[in-house]
Amino acid sequence: TMFATQVYGDNGKMKEYHYTGPVEHRFSPYSFNGGTVLAVAGEDFAIVASDTRLSEGYSIHSRDSPKCYKLTDTTVIGCSGFHGDCLTLTKIIDARLKMYKHSNNKCMTSGAIAAMLSTILYGRRFFPYYVYNIIGGLDEEGKGAVYSFDPVGSYQRDTYKAGGSASAMLQPLLDNQIGFKNMEGVQHLPLNQEKAVQLVKDVFISAAERDVYTGDALRICIVTKDGIKEETVPLRKD
Amino acid sequence: MALFDVSGYKSHSELRGQIIGTGVGHFIDRPNQQFSVPVGVDPSGFLKSCSREGGVSIDLNHGTTTLAFTFRHGVIVAVDSRASAGSYIASKEANKVIEINPYLLGTMSGSAADCQYWERLLAKECRLYKLRNKQRISVSAASKLLCNMMLGYRGMGLSMGSMIVGWDNKGPGLYYVDDNATRLSGRMFSTGCGSSYAYGVIDSGYREDMTVEEAYELGRRGITHATHRDAYSGGVVNLYHMQEDGWIKVCKEDVSELIHRYRKGMF
């Protein structure tokens, strides 16, 4: 290959700080802007939450850049990864939603938005959008629905999902608290809205403690049949 | 306008022109989808080269064990349910069997997005075939459609290993199709990174005249032992049985419970 093998060494994600020989650098169309997104589906509600820090390398570009975007009255999407691709992708989704509304005289349902996003992402299979998406909303029966995606469009419906830089820290915690995994002799109580919101706040506070790219503030969008309510909670700014 | 071009929207008249304008006997619609390709770079190496620079790591969901075999009473299909993105387990309950119609199933291994996209497209083509020809598509034709889709993108880095399972006029059918456009008919296949372990188990336990319960147990064991030894397979075993009057979903069992059942002496 034409790239020197030191560029992507296999020692986890650590960068090489010593001079190991000539390395070819080329323009990378991607950049990592950090951020964590989380979605939880309940019996008659869905919560999509994200932090609001926008970083690059060692710098913080903005402390007020939320990653949840409202799509319809019943659907919110959270996008983290490369901010440029997040912006373009949400613009494209908004345009497609409008086109659907004008052709079909009705709003897209959450399931339909998820299927459409899958094909939009796959259309860039060979030059992907560097975005980790999670859609949260209500399905046609009014029950909470969460759909999680990989950068090229593989998706499935979940009850809860964490994505972005602190996802590997948050997902096991959600498995334990919402999925009751690895606990014995515990009653499987369904999640109500107040408990879910409190859990999301606690979980992000933990993420901000240990992940450098997560912090500053938390934006929570709660989707119910009465509409979308937004809440902002401060997080660690360091 | 720029956004209009990039959004992939096709106007009604354009779509009509595509449908009516195509010649008679056109087996597959010209794909409405056009794929963007990075400028001036080989697509299959491009993603690998972007990873690790400046913290960028684009990991795609993949990794599996799937198996299928025919026997006297039909075809058994068993799959695991783990989707990994690099070393992170992105999903423990991924669905790796696509139910194309009540008489056709497709399994997925390799890249999750590739399998989901192309097999959904295959489901659409099978439905169009049924509407145009007033009879269900044969397993042979369905697998050939998928194989030709793969041939169109050969060398571009797609990763898909799939088995098309069905019951048509010729009886039970099992075909293996992969991203190199290999298409093989056979009586037993296993795909994915855990396939070698699954082959060991089902090869040693297979008999053509097994009872239905024995066949279910063999399929379950194959996946369970593969998940035990392969890091990229795990989750639950999804078991399907293709019979003359369609497929049935037999069970969905967690592999950690199954492995304890099978290896009582070990632990």
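First the proteins, then the strands, lettered A, B, ... as listed; each starts at 1. Scope of the values below: all heavy atoms of this structure, side chains included, with no hydrogens, waters or symmetry mates.
- Scanning all heavy atoms of the two residues, the minimum distance from S154(A) to A112(B) falls at OG-CB, 3.4 Å.
- Around atom CD of E99(B), more than 12 heavy atoms belonging to other residues, nucleotides or ligands sit under 6.0 Å away.
- Crowding of R183(B) atom CZ: a count of heavy atoms from other residues, nucleotides or ligands under 6.0 Å exceeding 12.
- Nearest heavy atoms, G153(A) versus Q116(B): O-OE1, 4.0 Å.
- Taking both residues in full, the closest heavy atoms of R125(A) and G157(B) are given as NH2-O, 3.1 Å, listed atom of the first, atom of the second, then distance.
- Under 3.5 Å, the side chains of Q156(A) and S91(B) contain a donor-acceptor pair of N or O atoms.
- Crowding of K130(B) atom NZ: a count of heavy atoms from other residues, nucleotides or ligands under 6.0 Å not exceeding 12.
- Applying the salt bridge (charged side-chain N to carboxylate O under 4.0 Å, His left out) test to residues at least two apart or on different chains, the pairs with a partner in residues 174-184 of chain A are D175(A)-K92(B).
- Heavy atoms of Y132(A) lying under 4.5 Å from chain B belong exclusively to its side chain.
- V250(B) is linked by a side chain to side chain contact (heavy atoms under 4.5 Å, CB included) to Y216(B), L239(B), H241(B), I248(B), counting only residues two or more places apart in sequence or in another chain.
- Ring-centre distance between Y122(A) and F35(B): below the 6.0 Å cut-off.
- Residues Y88(B) and Q171(A) form a side-chain contact, since some pair of their non-hydrogen atoms from C-beta on lies under 4.5 Å apart.
- When heavy atoms are compared at a cutoff of 4.5 Å, L158(B) approaches chain A by way of both its backbone and its side chain.
- More than 12 non-hydrogen atoms from other residues, nucleotides or ligands lie less than 6.0 angstrom from CG of N104(A).
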